[in-house]
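Numbering of residues begins at 1 and proceeds along the displayed sequence. Hydrogens, waters and symmetry mates play no part in the numbers below; they use all other heavy atoms, side chains included. One-based numbering, in listed order, for ligands and for the atoms of each.
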Amino acid sequence: MPLLFDSQVTPSARRSRPRSPLLCFSHLRWDFVLQRPQHLMSRFNAVYDVTFWEEPLAPEEGVPVGLELRACARTGVTIATPRLPEAVQGDAREASVRDLLDGYVKTLTGELVTWYYTPMMLPFSRHLESRSLVYDCMDELANFKFAPPELLGLEAELLARADVVFTGGYSLYEAKQERHRNIHPFPSSVDRAHFEQARGGVIEPGDQAGLQGPILGFYGVVDERMDLGLLDAIARERPQWQLVIVGPVVKIDEAELPRRPNIHYLGGKTYAELPAYLAGWDVALMPFAINESTRFISPTKTPEYLAGGKPVVSTPITDVIRHYGDLQGVKIADSPQAFIAACDQALALDPHGPWLTEVDRMLAELSWDRTFRDMDNLIAAAGSRQADVPQSLGSTLTAPAVMPSSRRKPFDYLVVGAGFAGSVLAERLAAGSNKKVLVVDRRPHIGGNAYDHKDAAGVLIHKYGPHIFHTNSQDIADYLGQFTKWRPYEHRVLASARDKLLPIPINRTTLNELYGLSLKDEAEAEAFLKSRAEPTDQIRTSEDVVVAAVGRELYELFFQGYTRKQWGIDPSGLDKAVTARIPTRTGTDDRYFGDKHQIMPRDGYTAMFNRMLDHPNIDLLLSTGYAEVMDEIEAGHIVYTGPVDEYFGYRFGKLPYRSLRFEHRNLELERFQPVAVVNYPDPQLPYTRITEYKHLTGQDHPSTSISYEYPSADGDPYYPIPRPENQALYKKYEALADANPNVTFVGRLATYRYYNMDQVVGQALAAFRKLERRRRTQAAAPPAIWTEAAE
Ligand code: FAD
Ligand code: UDP
């Protein structure tokens, strides 16, 4: 088939490195509404020669069958559209597209990068050889109307082939994170300057300019994701409001659209025209239906509307709540009545009020340029990693080496879990007892919850929240000191209360700053606290501990809200040990911990774990659950550090765990907050604390990375919940564990204990000594036959 080349194809002017071809396979057309693919590909075209490969179209009259190539005048991206007669269908169509693709690829020079927006384009392109294969997963396509049945299988193949996966939002990331070892969330960003035009100085388009009354608008694709009933209800209940709908109607019948005099369907407009429409609106709407097709969406229009200076009213889309739900300018409502009430509130906002300052502060963190840069770095890293997979044990970006061949070797020990418990035992058994050890972990990395890595901006972060090492044990510090140099670090935390940042644990400074006092010494602070404390005969709960020491007001201010959020339970229902972790001080020592050793591994935790596991007797299998290997591995003994209830098939029921969701952000600031951790006890805020990692690691970097912690009932098991009934349930599992001499249960999850890292190391070293004693006793015992004879 002939190839058609358009003379307009012009290479981009910007060249900072040799340009390789990037072939982007997309189900969305280049000239359809301007979305994530266009934002990203126009930027990638600065460093790659980008070709945007579309689905076939029928040939236009007089134009031959073949590949149509044209250049986007604005961006220089090449758009490739196979032109095939409708009559060519099925296998023949796929074969034709493949021929066109192969012919085109032959004309490209340099190492190819392939980029997929849809798995449906794999069948004709899976044979291409590429340096890196990128899957930018924008939506859960399988949940969309008319999704083809083969989509799921093809997506599994795409995930298996991809070197790096991006997701268009956090919900999607959470849904897919277990399915790829190098997956990164990139919620949609915003072209701020473009939409800021809506804040003034644009002329309102003719089809909107004549409308009388408040205008509430929506722009975007109108499809099955829109709640048409909601739209109708708003228009019916508020006839004085004008509802403006800008965008093409797709996949649904136009006849289904609600029709009322105050609903105006203005049809699709270009990206350039959108700010002019937005400018005339009083409120921007996101009336999405809440169903499977919207479960994972992360609508780009949210930040666009906000950049245009408009308050937004949305139905409860998870990622909208997550990223924007705390803003005064974004209202979430889950019923028509609530939605209308929220629109009333949004209309009542001063268009230039403080809500807009808050919005602008948040938007300052978003930019497509940054998203592009971060993605580009990850693609480069994925490409270079391919070359050194065998040596990349503990790579800071992704999974260390996986050695499938090791499965067939017999091992002395199988260690399940590569966190502190598993890694200490593996190291001791391998180096201390010369035993052959296989370590498996279901995660794609070592280090368990202490795992740290550099994020896309190059800042070292703790993936699972701040991990600060502190211990009173010289032995434990010395043991770990074999695998890392230390950096002294004393942890300080501030709590945000009554518009102040106050030191926590409560100490004299906290009291003086909170109440405007000048307590001079320990005796005065003690007397002050005594006047407020409410001593009780028996301290049983986490409430008792604090109220007995500092009284109810300070308890409510610093502990009650935080604990309720963190644990999902009131402190009165939690064992006293939880809040007893935090002392009360009458002096001015504002350090969080009082331990003798307050130190952090100089090069990070992952580097330390790497050195622990770097032993010829240790094999490591990542992204592999115990259940996957239990029947395959020959091992004399098992060390199990996963959840004990899971090991026993939850036979007595699930042990309750508290989980967390971490939202990591990189900010183009040197410093975000004065200390590593700021706690937010306010029950109105959904998160408990914000961590800024550079304080912990001492890293010098022009930008900074922070994480928000959102407690949740679901998710990875992080915190065993100390309550008497949970302990009673654990005791039943412990009895099973004790009766199982071939398995050693050790660590936070396997012994259901709210242990710090040093305590887990201590527990693992003790478990090793016990195993050694048993081994020596067995080795020293006379042969069984002799024993029997003697008896
Ligand atoms: P983990 O680190 O949880 O490791 C267990 C490993 O086993 C995991 O990698 C898991 O993937 C793997 N696994 C589980 N089941 C299976 C299976 N069936 N198959 C294969 N693999 C499996 N401690 C401190 O001392 N200081 C702190 O500042 C601190 N901060 C913390 C902050 C947070 C948010 C959390 C959650 C914990 C914190 N801790 C802190 C506690 C610390 O994380 C733990 O004490 C320590 O990580 C426990 O190590 P572990 O090996 O027992 O468990
Ligand atoms: N806590 C609180 N307010 C604070 C800090 C802690 O209420 O500002 C309570 C809360 O219940 C928390 C517990 O004290 O879970 C222990 O705090 P720690 O910082 O030790 O928790 P971790 O590091 O385990 O998350």
Looking at atom 15 (O) of ligand 2, what's its closest protein heavy atom, distance included? W567 NE1, 2.8 Å
Taking only non-hydrogen atoms of G625 and a 4.0 Å limit, the atoms of ligand 1 in range are 19 (N), 20 (C)
Ion pair E513/R498, N-O distance below 4.0 Å: no
Minimum non-hydrogen distance to atom 23 (O) of ligand 2, winning option of E709, R564, R689: R689
Considering only NZ, NE, NH1 and NH2 on the basic side and carboxylate oxygens on the acidic side, decide whether R564 and D570 come within less than 4.0 Å. yes
Classify the ring geometry of H491 against F593: parallel below 30°, tilted from 30° to 60°, perpendicular beyond 60°. parallel
Could you tell me the residue and atom name of the protein heavy atom closest to atom 17 (O) of ligand 2, and the distance to it rounded to 0.1 Å? I582 CD1, 3.4 Å
Enter the distance from K731:NZ to N726:CG here, rounded to the nearest 0.5 Å. 13.0 Å
Which residue holds the protein heavy atom closest to atom 34 (C) of ligand 1, what is that atom called, and what is the gap in Å? Y464 O, 3.3 Å
Heavy atom of protein closer than 4.0 angstrom to atom 53 (O) of ligand 1: no
Is it true that E772 and K770 have a side-chain N and a carboxylate O under 4.0 angstrom from each other? no
Nearest non-hydrogen protein atom to atom 13 (C) of ligand 2, with distance, is V578 O, 3.6 Å
Is the closest heavy-atom distance from P717 to ligand 1 below 4.0 Å? no
Ranked by distance from atom 22 (P) of ligand 2, the top protein heavy atom is Y754 OH, 3.4 Å
Give a yes or no on whether R581 atom CZ has more than 12 heavy-atom contacts from other residues, nucleotides or ligands under 6.0 Å away. yes
Distance under 4.0 Å to a non-hydrogen atom of L749: what atoms of ligand 1 satisfy this? 3 (O)
Does the pair R689/E663 count as a salt bridge with the N-to-O cut at 4.0 Å? no
Shortest protein heavy-atom distance from atom 11 (O) of ligand 2, along with the residue and atom involved: T563 OG1, 2.8 Å
Considering non-hydrogen atoms of the protein only, which is the closest contact for atom 3 (N) of ligand 2, and what is the distance? F558 O, 2.9 Å
Can you tell me how far CG of N507 sits from CD of E522, rounded to the nearest 0.5 angstrom? 10.5 Å
Judged on heavy-atom distance to atom 18 (P) of ligand 2, which of Y680, Y755, Y719, Y592 sits nearest? Y592
Side-chain donor or acceptor of R442 paired with backbone N/O of G625 under 3.5 Å: no
Are D716 and R658 within salt-bridge range, i.e. N to O under 4.0 Å? no
Are the aromatic ring centres of Y754 and W567 under 6.0 angstrom apart? yes
Looking only at protein heavy atoms, identify the closest one to atom 5 (C) of ligand 2 and say how far it is in Å. N679 ND2, 3.4 Å
Using a strict cut-off of less than 4.0 Å between a Lys/Arg side-chain nitrogen and an Asp/Glu carboxylate oxygen, indicate whether R443 and D441 qualify as a salt bridge. no
Ligand 1 contacted by Y719 (non-hydrogen, < 4.0 Å): yes
Closer than 4.0 Å to some heavy atom of Q566 - which atoms of ligand 2 meet that? 15 (O)
side-chain hydrogen bond (donor to acceptor under 3.5 Å, both in side chains) assessment of H597 paired with Q474: CA-CA 8 Å; H597 303 279; Q474 188 66 48; 3.1 Å; yes
Does the Lys NZ or Arg CZ of R661 fall within the cation-pi geometry relative to Y710 - under 6.0 Å from the ring centre and within 45° of the axis? yes
Pair K732 + E734, salt bridge at N-O below 4.0 Å: no
Considering both backbone and side-chain atoms of A421, is one of its nitrogen or oxygen atoms within less than 3.5 Å of a nitrogen or oxygen in ligand 1? yes
If we only consider heavy atoms of T471, is any one of them less than 4.0 Å away from an atom in ligand 1? no
Below 4.0 angstrom, N of the basic side chain to O of the carboxylate: do D590 and R492 qualify? yes
Just to be sure I read this right, does ligand 1 sit under 4.0 Å from the backbone of N756, its side chain, both, or neither, counting only heavy atoms? both
is_close_aromatic(Y605, H462), centroid dist under 6.0 Å: yes
Near G747 (heavy-atom distance under 4.0 Å), the atoms of ligand 1 are 52 (O)
What's the shortest distance from atom 1 (N) of ligand 2 to any protein heavy atom, and which residue and atom give it? Y562 CD2, 3.6 Å
Any N or O on Y626 sitting closer than 3.5 Å to an N or O of ligand 1? yes
Within ligand 1, which atoms have a heavy atom of V760 less than 4.0 Å away? 45 (O), 48 (C), 49 (O), 52 (O)
Y755 heavy atoms, cut-off 4.0 Å: which ligand 1 atoms fall inside? 41 (C), 44 (C), 45 (O)
Answer yes or no on whether R748 is positioned over the face of Y755, meaning its NZ or CZ is under 6.0 Å from the six-membered ring centre and within 45° of the axis. no
Closest approach of P466 to Y693 (non-hydrogen atoms, all atoms of both residues): N-OH, 3.8 Å
Output field: ring centroids H637/F768 closer than 6.0 Å: no
Measure the distance from atom 38 (C) of ligand 1 to every protein heavy atom, then report the residue, atom name and distance (to 0.1 Å) of the closest one. H467 NE2, 3.2 Å
Check whether any N or O atom of I504, backbone or side chain, sits under 3.5 Å from an N or O atom of ligand 2, and answer yes or no. no
Do any nitrogen or oxygen atoms of F559 come within less than 3.5 Å of a nitrogen or oxygen of ligand 2? yes
Nearest protein heavy atom with distance in Å, relative to atom 7 (O) of ligand 1: G417 CA, 3.2 Å
Show which atoms of ligand 1 fall inside a sub-4.0 Å distance from at least one heavy-atom site of Y718. 36 (C)
With a 4.0 Å cut-off on heavy atoms, does E646 reach ligand 1? yes
Can you tell me which residue and heavy atom of the protein come closest to atom 26 (N) of ligand 1, and the distance to 0.1 Å? I468 O, 2.8 Å
Give yes or no for whether the N/O distance cutoff of 3.5 Å, strictly under, is met between R581 and ligand 2. yes
For atom 25 (O) of ligand 1, closest protein heavy-atom neighbour: M757 N, 2.7 Å
With heavy atoms of F420 as the reference, note each atom of ligand 1 found under 4.0 Å away. 49 (O), 51 (O)
Which residue and atom name correspond to the protein heavy atom nearest atom 11 (O) of ligand 1, and how close is it? D441 OD1, 2.7 Å
Atoms in ligand 1 with a heavy atom of T624 nearer than 4.0 Å: 20 (C)
Quick check on the 6.0 Å ring-centre criterion: do Y733 and F652 meet it? yes
At under 4.0 Å between heavy atoms, is it the side chain or the backbone of L660 that contacts ligand 1, or both, or neither? side chain
Nearest heavy atom to atom 32 (C) of ligand 1 wins, so pick from P444, G465, P466, G447. P466
I need the nearest protein heavy-atom contact for atom 16 (C) of ligand 1: residue, atom name and distance, please. R442 CZ, 3.6 Å
Cationic N near anionic O, under 4.0 Å, R552 to E543: yes
Where is the nearest protein heavy atom to atom 1 (P) of ligand 1: which residue, which atom, and how far? N449 N, 4.0 Å
